[in-house]
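Order of the sequence lines sets the chain letters (A, B, ...), proteins ahead of strands, with each chain counted from 1. Just so it is clear, the structure is predicted and the values come from calculations on it, not from any experiment.
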Amino acid sequence: MTLWFVFALMTVAAIFAVLWPLSRGSSAQAGGSEAVVYKDQLAEIDRDVAAGLIGLSEAEAARVEIGRRLLAAADGERNQPARANLGLRRASAVVALVGLPIAAVTFYLALGSPRLGDFPLASRTRMADASQPLENMVAQVEAHLEQNPTDGRGWTVLAPVLARLGRFDEAVRAYRNVIQHAGDSAERRSDLGEALVTSAGGVVTAEAKGEFERAVAQDADDPRASYFLGLAAEQDGRKADAAAIWRAMLSKAPADVPWRPLIEAALTRVGAPVAPALSDDAMAAARDMNEADRGTMIRGMVDRLAARLKQDGSDVEGWLRLVRAYMVMGERDKATSARTEARQAVAGDAERLRQLNEGLKNLGLDG
Amino acid sequence: MIAEAGHYALVLALALALIQSTVPMLGARWGDPALMNVARSTALAQLLFVAVSFTALVMLHVASDFSVVNVFENSHSMKPLLYKITGVWGNHEGSMLLWVLILALFGGLVAAFGNNLPLSLRAHVLAVQGWIAAAFYLFILVTSNPFLRIASPPIEGRDLNPVLQDIGLAVHPPMLYLGYVGFSISFSFAIAALIEGRIDAAWARWVRPWTLVAWIFLTLGIAMGSYWAYYELGWGGWWFWDPVENASLMPWLAGTALLHSAVVMEKRNALKVWTILLSILVFSLSLLGTFLVRSGVLTSVHAFATDPSRGVFILLILCLFIGGSLALYAWRASALKQGGLFAPVSREGALVLNNLFLTSACATVFIGTLYPLALEVLTGDKISVGAPFFNLTFGPLFVPLLVAMPFAPLLAWKRGDLLGAAQRLTAAGIAALVAIAVLFAWTHGGATLAPLAIGLAIFVIGGALSDLAERTALFRVPLATAMARARGLPRAAWGTAFAHAGIGVALIGIVCETTWNSEYIGTMKPRDVASVAGYQLKLDEITQRQGPNFREMIAQFTVALDGETLQVMMPSKRNFTTRDSSTTEAALLTRGASQLYVSLGDTNAEGAIAVRIYHKPLVLLIWWGPVLMAFGGLLSLSDRRLRVGAPKPAKAARALQPAE
């Protein structure tokens, strides 16, 4: 309500600015005139002569010249009588009283958001923690790290959250900071490597491979690093090398390690053009299940994803995950049809379409 | 509420500008003083509302209200308060709002202090200001609205470009805009004169203070921008013939020409039509400059296409105002009465020469800046027109201008005596020749052009001093009399001398910096020593520091000259996490007018750091020159006297000089 009161006050001030001069119109002409300037110039010459700055003959010549201008100016002024034009004044007053407020309010309502209040930062940070979305908490941690960039623990907390939010590039930077400030370890190198792989859409880049190699150098038995090194070999087309790495993992590991089925699946899969990685979440969830349950769980997740994308097709990452999942499950037909649906869903947005096509290319499913 | 109040105030300003642009015109047409006076109160009210709007945006930035898109995109809660405020105009939308604020400010000043103007002239001037203002309010509200909101505001902003987080942003854009927009007043006066079909010496008297104010601010703004680029970009360059810089140089050149031709008009009632044309051109170039920079056309032609609505709107405004005013000029200029006559060798003649050279120089810059753009649009070829083109075209135009400059103030109005002027410049000429000879002997085998250019600069400065000596009759009358005459001298004469000497001073700086600049570029480890131009710089240590919204790597250098320690220099490199970018903060050591300049590059794996060290002799003169020029302008502005161009009689006694 205050807002509309302020608006009304401002509008009244604006109208007043137009009406005020109209109301006092009958007063005599208040403006200056050219003649004044020339009279001043004549006086100036007299002063200059008195001060000895110019000679008498020069002054006389200048006076003649200015005198001519003065006459011309006086002529010009005489044929401009002031007269009141009541019709125009009334029209102007009506425009100011009616037209101005209507135009201003219409124009403002088309552009402004009068229902939105202020959101100064100071009052917002005092909000209860539980009601804040994850992004806000991330922002707070980021702000804290901006001040204390060497806080390794902070980076350790932030990095996986960023990865979960899909901000992979930032996750990569955060993991780098973890290693720099909280110390190096095989596990952290693998984390960094995995973030690099995810941000590259599932491709084990040379940079990611380097990280996994550093992880293996510190702990030869780090399963994640070994798995991704195998994947790198597979993506390079060295399937024999990949199989050798994975077989070595299986032979060294105890029989009940949770990732054994994944590696076995990978081993049987060698032969497909590109094998995408299964995400960490799925691995963790699938850890405690038997073969059949796991299959059901994965299928359920994939179906849910597919259903969600049918409703809102703008999520490029989601589409890529779906296509990747179908390919992992060996259902290439479904993968191809998902690709077609995805392209239709994002066809209106050139940037998203580009991202999608790039991702599909990485999966080996372009065309 | 603050955002919405600011938004509504801007809309009201638009409504008032529309009234201001029509009602006073009708009033002037029908001769009704009440209608004409509407211009005055609406201009003042408009200023009030734009000021409210601008203040609202500043408050939003200070309070970090990220529900406003403009604040979210260009601010950050951790930014120091000063940069929260300067960040208001560090982006497109905010800077356009500053632009209209200054436009409204000038309009308000004319309304408040224009009592000496004839009523109809003032009404016309303010109406034209109203047209300009209305076009820009519409542009801001429709395509670059700073008050657009986000319904669910993010918790943190994207931060301001780190290069702009500098005190330079607080000073440079407002100054430049005061200059650009200040020329809108002379434009409005010119259009008003064309509409009324009447123009005379009084017109020039009324326009003088506005043109001078704009020129002073533009001069300082350009110099400030150049110094900012010099210390912030880390390369030690101060002028790059960059299109953005050229965009500000063009109105300056044309504005300088206008300043001089308006003098002729005020004193001799001549060059009227040309002065009108110059007024139109100067503001057109200002508009062009503002928009070349603001629309993103310059960085890439394609940035124009990505936001078609903004680009098209800009083009429309440009076409409307430049095309419209030139058409009006073509239609009405013939109706204006021609002014007085003068001989080719006279003060007027010299000022015409000045105008010729300045406008040609302006034209070369115009071609060099716009030709690549036009070529890219038409053929898709990308060419870059850089320093060689400008040095080859701009230089030869400026040399004769500088040679002729000392003569002009010594010539009399209407018909001058070139020989006499030359005689009075003997001392300056001798000083210049001595300087050239000494420099040749001192640098023997070095650059040939540099001593000649410095000789020219000395001649220019000497010429300005000779003019003063001549007017005060120094050395010919007793010292006390000369002092008395100096006090009685119009301040405009002092202003001319200072401004002309400023050009010479800047020229010395430019020549010295480009010719005798020495540098060291290499990698250094702690305890390494680099020596440049006799100075030894020892890298003591490299430390890290945390700033409010950045991390900083500081290198500490101890500077010694001939084994004697002078000072510690601390250049640094700042990393801004939010924008994931970095800036270099060069360290400067000033010795007289010379500077030692250290800036840092990247660190390599062995802990060594890339370092650029420059010794720049007399570099500060480059900016002292413009400051002198602006001071001269200020002196001239403070001269409230009327100017009379008394023609010199055929046989004048030598002691009698023309009055100002």
Using non-hydrogen atoms and a 4.5 Å limit, figure out which bit of [X] sits close to chain A: side chain, backbone, both or neither.
X        : value
B:Ala9   : both
B:Trp206 : side chain
B:Asn145 : side chain
B:Met78  : side chain
B:Ile19  : side chain
B:Val142 : side chain
B:Leu141 : both
B:Phe550 : neither
B:Leu148 : side chain

[atom1]/[X] to [atom2]/[Y] distance, rounded to the nearest 0.5 angstrom?
X        : Y        : atom1 : atom2 : answer
B:Asn269 : A:Glu65  : CG    : CD    : 7.5 Å
A:Leu116 : B:Ile150 : CG    : CD1   : 10.0 Å
A:Leu88  : B:Arg29  : CG    : CZ    : 10.5 Å
A:Phe107 : B:Tyr8   : CZ    : OH    : 12.5 Å
A:Leu100 : B:Leu12  : CG    : CG    : 6.5 Å
A:Tyr108 : B:Glu4   : OH    : CD    : 3.5 Å

- Query: Is A:Asp118 reaching over with its side chain to a backbone N or O of B:Met1, donor-acceptor style, under 3.5 angstrom?
  - Reply: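 Indeed, once roles are kept as given, a pair shorter than 3.5 Å links the two residues.
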- Donor-acceptor under 3.5 Å (B:Arg205 side chain, A:Tyr38 main chain):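 A pair under 3.5 Å: no.
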- Residues that A:Arg354 engages under side-chain hydrogen bond (donor to acceptor under 3.5 Å, both in side chains), provided they are two or more places apart: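 For A:Arg354, the residues satisfying side-chain hydrogen bond (donor to acceptor under 3.5 Å, both in side chains) (neighbours in sequence not counted) are A:Glu351, A:Glu358.
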- Message: Tell me which of these, A:Val6, A:Thr11, A:Ile15, has more heavy-atom pairs under 4.5 Å with chain B than the rest.
- Response: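 Going by pairs under 4.5 Å, I would pick A:Thr11.
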- side-chain contact (heavy atoms from CB on, under 4.5 Å) with A:Val157: which residues, sequence neighbours excluded?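 Applying side-chain contact (heavy atoms from CB on, under 4.5 Å) to A:Val157 gives none.
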- Is any side-chain N of the basic residue among A:Arg89 and B:Asp32 closer than 4.0 Å to the acidic one's carboxylate O?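 Result for this pair is yes, salt bridge flagged.
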- Task: With a 4.5 Å cut-off on heavy-atom pairs, point out which of B:Gln546, B:Met59, B:Gln20, B:Arg551 contacts chain A the most.
- Result: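 Highest number of heavy-atom pairs under 4.5 Å: B:Gln546.
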- Task: Identify which of B:Val68, B:Val62, B:Leu16, B:Thr42 forms the greatest number of heavy-atom pairs closer than 4.5 Å to chain A.
- Result: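 Sorted descending by pairs with chain A, the first entry is B:Leu16.
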[X] and [Y]: which non-hydrogen atoms are nearest, and at how many Å?
X        : Y        : answer
B:Val11  : A:Ala104 : CG1-O, 3.4 Å
A:Phe7   : B:Ala5   : CE1-CA, 3.9 Å
B:Glu266 : A:Arg69  : O-NH1, 3.8 Å

- Task: Using side-chain contact (heavy atoms from CB on, under 4.5 Å) as the criterion, point out the one residue from B:Val23, B:Leu35, B:Val38 that pairs with A:Pro21.
- Result: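 Of B:Val23, B:Leu35, B:Val38, side-chain contact (heavy atoms from CB on, under 4.5 Å) with A:Pro21 is met by B:Val38 alone.
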